[in-house]
Amino acid sequence: MNKNNFCVIMAGGIGTRFWPMSRISRPKQFIDVLGIGETLIQQTFRRFEKICPRENIFIVTNLMYRNLVHEQIPGLGEYQVLCEPARRNTAPCIAFANQIISNINPDANIIVAPSDQVIINEDRFVEILNSALNVSEQNDWLLTLGIKPTYPNTGYGYIQFNENQVLETNRELRKVITFTEKPCYEMAVKFLKDGDFLWNSGIFIWSLKSITKAFSEHLPEILEVFRPLSSEITEAKIEETYTICPSISIDYGIMEKAQNVYVMVSDFGWSDVGTWASLYEVREKDKNLNTIVGKNVMTYDTKDCIITMPKHKLAVLQGLEDFIVIEEDDILLICKKDQEQQIRKFVSDVEVEKGEKFL
């Protein structure tokens, strides 16, 4: 295994769209959303152990989740869990990790990935990432993985690539033309019809030298903010850094502006499980197309539902179609699947009317 291969797992999100399963104290990445006995961050870490030395895997999370990370991934060194005192989006998160990695290995080749994605074909995933690492090691390029779209999803970002430019050395690698944030349905349909658009996976591959150069060209202010961490890494210094650090995404700050961005066309059974509907797509289903987590759930004339109940609780459901039914601790949510965008409003209303107890 290449000692220059590093991985940065971003694990600081709150995940309000998965309320009430996802709570501020234990967000989506720390939950077994598939009901398979392994949380999303545990699955993510295990996958990257096949690509990078274990000691080269870093997790960037919010300070409040430090103990959760160590609890779910035992044996991590303290240096591997980078705790942000405040949320500043993905560019500062990546710059923070870059600075720490540069102190260890200036020749690092880095994968950056979210902690809360589902990958069905892990062998293919590993194969594609190893190929991408070989490319980034040899070229001053910023790579991302683009997923072949299967339907007009309006919850994902899209990447347009140059379909006429195919590299002889790697036919799955294409030059990026544009990034488009979550489109309307009509636009998503057009993207699929055009055939030169991919879903944006949010997984990046680059050498430390290439991404540092990109920061110096497009986000020099963030690069300078984190540079002092090369000589002093203390909680007080990190707190001071985040106090003056602007909030900006890596997509907007660098990927949409840089001219050396390439996408690797990928197909390994991917979902960012950002919504209940996307979770429904990857969970196993019964003969009535219900996806059920819970040992004591009985259904009658019920179909196309997402159901998650505590193991000890008996639930009897009759006459439901296309519903989300979730019970978690002291909260029960029953919501139409096609109205799940309302969940953020529900969370806001709960905070106003009931306080933070139920968040």
Side-chain angles (χ1 to χ4, degrees), residues 1-2 4-11 29 32-54 56-57 73 109-139 141-153 155-161 163 165-176 191-192 195-207 255 261-274 278-285 291:
M1 191 172 291
N2 192 332
N4 290 338
N5 288 351
F6 283 72
C7 178
V8 176
I9 299 173
M10 299 181 290
Q29 60 269 30
D32 176 13
V33 299
L34 298 179
I36 60 174
E38 194 175 37
T39 67
L40 290 174
I41 194 171
Q42 288 171 332
Q43 292 177 55
T44 302
F45 192 89
R46 175 180 51 75
R47 279 195 295 269
F48 286 116
E49 281 188 294
K50 300 175 183 178
I51 302 169
C52 305
R54 194 177 203 270
N56 289 1
I57 302 176
I73 308 176
N109 210 19
I110 305 171
I111 302 166
V112 178
S115 60
D116 53 2
Q117 297 185 339
V118 170
I119 306 296
I120 303 300
N121 189 339
E122 294 196 354
D123 289 342
R124 179 61 178 153
F125 177 77
V126 170
E127 180 184 342
I128 288 172
L129 272 174
N130 278 325
S131 175
L133 285 166
N134 288 335
V135 172
S136 65
E137 188 175 37
Q138 298 169 25
N139 299 277
W141 292 348
L142 308 178
L143 305 184
T144 185
L145 301 187
I147 310 300
K148 296 176 182 177
T150 54
Y151 66 101
N153 190 303
Y156 295 156
Y158 285 73
I159 301 170
Q160 184 182 23
F161 62 88
E163 58 184 339
Q165 184 180 10
V166 179
L167 300 180
E168 291 185 8
T169 53
N170 192 323
R171 299 188 63 82
E172 299 302 313
L173 201 61
R174 307 295 178 83
K175 186 80 167 59
V176 170
F191 287 169
L192 258 69
D196 57 347
F197 283 84
L198 303 167
W199 286 335
N200 186 352
S201 71
I203 299 172
F204 308 103
I205 307 95
W206 43 51
S207 68
M255 301 300 282
V261 179
Y262 287 78
V263 62
M264 187 164 283
V265 182
S266 307
D267 187 7
F268 41 69
W270 169 92
S271 174
D272 78 341
V273 287
S278 61
L279 180 60
Y280 176 81
E281 295 298 324
V282 297
R283 271 187 179 178
E284 289 188 11
K285 301 171 185 66
T291 173

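Minimum heavy-atom separation, V265 to K148: CG1-CE, 3.4 Å. In terms of heavy-atom proximity, P114 sits nearest to G202 at CD-O, 3.4 Å.
Comment: E127 engages R124 in a salt bridge, judged by a side-chain N to carboxylate O separation of less than 4.0 angstrom.
A donor-acceptor contact shorter than 3.5 Å is absent between the side chain of Q117 and the backbone of I203. Looking only at distances, a side-chain donor or acceptor of N109 sits under 3.5 Å from a matching main-chain atom of L133. A donor-acceptor pair under 3.5 Å is formed between the side chain of Q29 and the backbone N or O of A11. Side-chain atoms of K285 come within 3.5 Å of backbone N or O of Y280 as a donor-acceptor pair. The backbone N or O of L145 sits less than 3.5 Å from a side-chain atom of S201, completing a donor-acceptor pair.
The distance from the SG atom of C52 to the CE atom of M1 is 7.5 Å, given to the nearest 0.5 Å. A distance of 7.5 Å separates CG in L173 from OH in Y262, rounded to the nearest 0.5 Å. To the nearest 0.5 Å, atoms CD (E281) and OG1 (T291) are separated by 10.5 Å. Rounding to the nearest 0.5 Å places CG of L198 at 8.0 Å from CD1 of I147. Here the CG-CG distance, from N134 to L129, works out to 11.0 Å after rounding to the nearest 0.5 Å. The distance from the CD atom of Q160 to the CZ atom of F197 is 3.5 Å, given to the nearest 0.5 Å.
The shortest distance between side-chain heavy atoms of S278 and Y156 falls below 4.5 Å. Using a 4.5 Å cut-off on side-chain heavy atoms (C-beta onward), L40 and V118 make contact. Looking at Q43 and L34, their side chains come closer than 4.5 Å, going by heavy atoms from C-beta outward. Between F161 and V176 the shortest side-chain heavy-atom distance does not fall below 4.5 Å.
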For this session: Any chance you could lay out the side-chain contact (heavy atoms from CB on, under 4.5 Å) test for N2 and N130, step after step, and finish with the verdict?
Result: CA-CA 10 Å; N2 192 332; N130 278 325; over 6 Å; no
Problem set entry | Intermediate values then yes/no, side-chain contact (heavy atoms from CB on, under 4.5 Å), V112 and W206 | CA-CA 9 Å; V112 178; W206 43 51; 3.8 Å; yes
Problem set entry | side-chain contact (heavy atoms from CB on, under 4.5 Å) assessment of F268 paired with I120 | CA-CA 6 Å; F268 41 69; I120 303 300; over 6 Å; no
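Between W199 and F191, the distance from one ring center to the other does not fall under 6.0 angstrom.
Taking T44 as the reference, I9, R47, F48 meet the side chain to side chain contact (heavy atoms under 4.5 Å, CB included) condition, with sequence neighbours excluded. Among residues two or more places apart in sequence or in another chain, the side chain to side chain contact (heavy atoms under 4.5 Å, CB included) test is passed with N56 by F6, P53.
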